[in-house]
Amino acid sequence: MCGIIGIVGHSEVNQALYDGLTVLQHRGQDAAGIMTCDQDGKFFLRKDNGLVKDVFHTRHMLRLKGQMGIGHIRYPTAGGSSSAESQPFYVNSPFGIALAHNGNLTNTKVLKEELFQTDRRHLNTGSDSEVLLNILAHELQNSSQLKPQPQDIFNAVKQVHRRCRGAYAAVAMIAGVGVIAFRDPYGIRPVVIGKRDTDKGTEYMVASESVAVDILDFELVRDVEPGECVFIDNDGNFYAQQCAENPVKSPCIFEYVYFARPDSMMDGISVHKSRMRMGTMLAEKIKRDFPDHDIDVVIPIPDTSRSAALQLSYDLGVVYREGFIKNRYIGRTFIMPGQTLRKKSVRQKLNAIDLEFQGKNVLLVDDSIVRGTTSQQIVQMARDAGAKKVYLASAAPPVRFPNVYGIDMPSAHEFVANDRNIEQIAEELGVDWLIYQELTDLVAAIKKKSNVERFDTSCFDGEYITGDIDENYLYYIDALRNDVNKQSKEKGNAVIELHNNA
């Protein structure tokens with residue numbers, strides 16, 4: 001999972017790109033990059049491993065000149081963790097093109113061979129984002145103009161859709177021409193459009209989440225539609241065209257469960273409201289399955305579960321309390337590789353307020369449960385703080401299948417729900433009882449009042465929305481992840497990248 005942003009303005013955009021990336025930081029903490037372009041068509045780039053605040057200093061910002069630019073924050077799921085894998089990527093032919101990408105191509109291996117054998121293009125990294133850039137660049141070579149026109153760009157993106165499979169939300173910049181944003185035909189990864197009127201004219205931006213639009217005082221216009229390409233030229237003219245033959249709006253449901261900020265709107269859906277409805281659905285299930293429950297207090301596991309936990313407590317008529325204090329200078333444990341590092345980090349990340357647990361039957365609420373390692377430790381923390389009984393509710397169903405669209409998840413055999421029923425999972429986690437959200441309830445909670453046709457729910461039901469995932473591919477990525485894990489342990493790396501994505 002990554003974050004992308006692009007801006008075409010009438011003044012310097014470096015600070016706006018930086019500010020936009022900081023509010024998208026939750027989408028990736030491994031690397032950050034910004035590339036700008038001045039009126040002479042010259043590119044300026046700064047990228048490196050680390051958080052946004054650590055990658056960009058005053059001396060770097062001063063060099064990022066220009067009235068248009070793109071940015072990226074990286075959450076690694078494959079390749080190496082060197083700064084060479086950070087984005088944006090750049091090719092000089094044709095025209096000079098830079099690209100940043102969120103998602104994961106599922107036919108990367110085939111595309112690499114095509115690029116070498118047929119397109120005669122060289123790849124310098126293992127990233128599928130570089131593959132996507134070179135596919136786009138090759139298709140733009142068909143333009144007969146010295147400066148590509150909107151239709152040339154739309155035709156090139158049509159060919160990208162024809163060749164590429166999987167999930168991709170991308171922002172690209174052509175030197176001296178403008179900024180492009182496009183989304184795969186299923187709309188698995190999010191992109192929104194913002195605009196604002198200034199004394200000098202209208203400025204446009206695209207970003208992974210609407211929170212970046214809000215923070216920069218742009219007006220949220222709409223989402224980039226699945227399969228659509230948006231082009232903003234360097235004069236601020238806006239063009240858009242549907243470039244896929246059969247687009248189907250099918251966003252990843254895990255965006256709403258976990259990744260997106262609650263103050264974001266994506267595909268017309270309020271993340272906060274959808275999580276509140278998840279809490280209502282959970283409360284109704286608890287009333288059905290445990291009508292005589294003895295819950296004294298509802299406590300969220302920070303931070304993503306707060307909206308669901310608060311609504312759940314209201315619907316159950318049970319008091320809500322904050323029972324864990326989070327150290328905000330520790331990265332997400334979900335992103336961290338290796339059980340040893342993860343176990344160590346949880347205790348550093350959370351501390352229990354004993355008074356909220358002592359002598360009480362506590363219902364802990366989490367957004368989802370993947371490996372279960374973090375949940376085990378938090379449950380034990382609750383017991384150590386004096387809880388009489390500890391119950392656990394997950395706002396999402398059991399995670400039983402690997403994600404192939406850009407979310408770093410372990411091999412299926414590492415999931416706590418793998419080959420276990422609910423009672424066995426509860427025993428493994430050390431809780432007195434465990435309750436999961438039903439998938440139908442989760443979909444209903446998020447889909448309400450939206451025009452989303454369906455969601456990608458493959459993590460829960462194994463039904464991959466793109467229709468090109470089989471057992472051979474799952475075996476391939478599992479083997480790849482195991483190889484990368486092994487290499488990372490040998491090198492002592494603190495970050496593992498697990499599946500050709502940035």
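Note that the structure is a prediction, hence the values are computed from the model and not measured.
- Between His161 and Tyr168, the distance from one ring center to the other falls under 6.0 angstrom.
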Kindly determine whether Glu245 and Lys158 satisfy salt bridge (charged side-chain N to carboxylate O under 4.0 Å, His left out), including the steps that lead there. CA-CA 9 Å; Glu245 292 182 1; Lys158 287 179 182 179; over 6 Å; no
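- Partners of Arg189 by salt bridge (Lys or Arg N to Asp or Glu O under 4.0 Å), not counting sequence neighbours, listed by chain and number: Glu255.
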Given side chain to side chain contact (heavy atoms under 4.5 Å, CB included), test Ile174 with Leu140 step by step and report yes or no. CA-CA 10 Å; Ile174 304 176; Leu140 275 170; 4.0 Å; yes
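- For Asn451 and Lys249, the side-chain atoms include at least one donor-acceptor pair closer than 3.5 Å.
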Assess whether side chain to side chain contact (heavy atoms under 4.5 Å, CB included) is satisfied between Val192 and Val206, documenting all intermediate values. CA-CA 6 Å; Val192 299; Val206 292; over 6 Å; no
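- Side chain of Arg46 to main chain of Leu64: no donor-acceptor pair is present (N/O by atom type, distance under 3.5 Å, no hydrogens or angles).
- Judged purely by atom type and a 3.5 angstrom limit, Asp152 has no side-chain atom pairing as donor or acceptor with the backbone of Ser143.
- By the 30° and 60° cut-offs, the orientation of the rings of Tyr239 relative to Phe231 is parallel.
- Remark: the Gln159 side chain and the Asn155 side chain contain no N/O donor-acceptor pair separated by less than 3.5 Å.
- Side-chain atoms of Asp197 and Thr202 form a donor-acceptor pair, as typed in the model, at a separation below 3.5 Å.
- In this structure, Asp30 pairs ionically with Arg74, as a charged nitrogen and a carboxylate oxygen lie closer than 4.0 Å.
- Here the side chain of Asp54 pairs no donor or acceptor atom with the backbone of Gly50 at under 3.5 angstrom.
- One N or O on the side chain of Asp128 and one on the backbone of Leu105 form a donor-acceptor pair closer than 3.5 Å.
- Between Glu203 and Arg196, at least one side-chain nitrogen of the basic residue sits less than 4.0 Å from a carboxylate oxygen of the acidic one, meeting the salt-bridge criterion.
- A donor-acceptor pair is defined here as one N or O able to donate and one able to accept, closer than 3.5 Å; no such pair exists between the side chain of Arg121 and the backbone of Thr118.
- Of the possible donor and acceptor atoms, none in the side chain of His101 sits under 3.5 Å from a partner among the backbone N and O of Leu132.
- A salt bridge links Arg163 to Glu114: one of the charged nitrogens lies within less than 4.0 Å of a carboxylate oxygen.
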Side chain to side chain contact (heavy atoms under 4.5 Å, CB included) assessment of Tyr186 paired with Thr466: CA-CA 8 Å; Tyr186 296 94; Thr466 55; 3.8 Å; yes
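- Remark: aromatic rings of Phe401 and Phe460 are distant, center separation not under 6.0 Å.
- Using a cut-off of 4.0 Å between Lys/Arg side-chain N and Asp/Glu carboxylate O, Arg27 and Glu209 are scored as salt-bridged.
- Between Glu228 and Arg183 no salt bridge is recorded (no basic side-chain N to carboxylate O distance below 4.0 Å).
- For the residue pair Tyr405 / Thr106, no side-chain donor-acceptor distance below 3.5 Å is found, with atom types taken as modelled.
- Under the 3.5 Å distance criterion, the side-chain polar atoms of Ser305 are matched with a main-chain donor or acceptor of Ile301.
- The pair Arg261-Asp263 meets the salt-bridge criterion, with a side-chain N (NZ, NE, NH1 or NH2) lying under 4.0 Å from an Asp/Glu carboxylate O.
- Judged by distance alone, with hydrogens and angles left aside, the side-chain atoms of Asn104 form no donor-acceptor pair with the main-chain N or O of Gly406 at under 3.5 Å.
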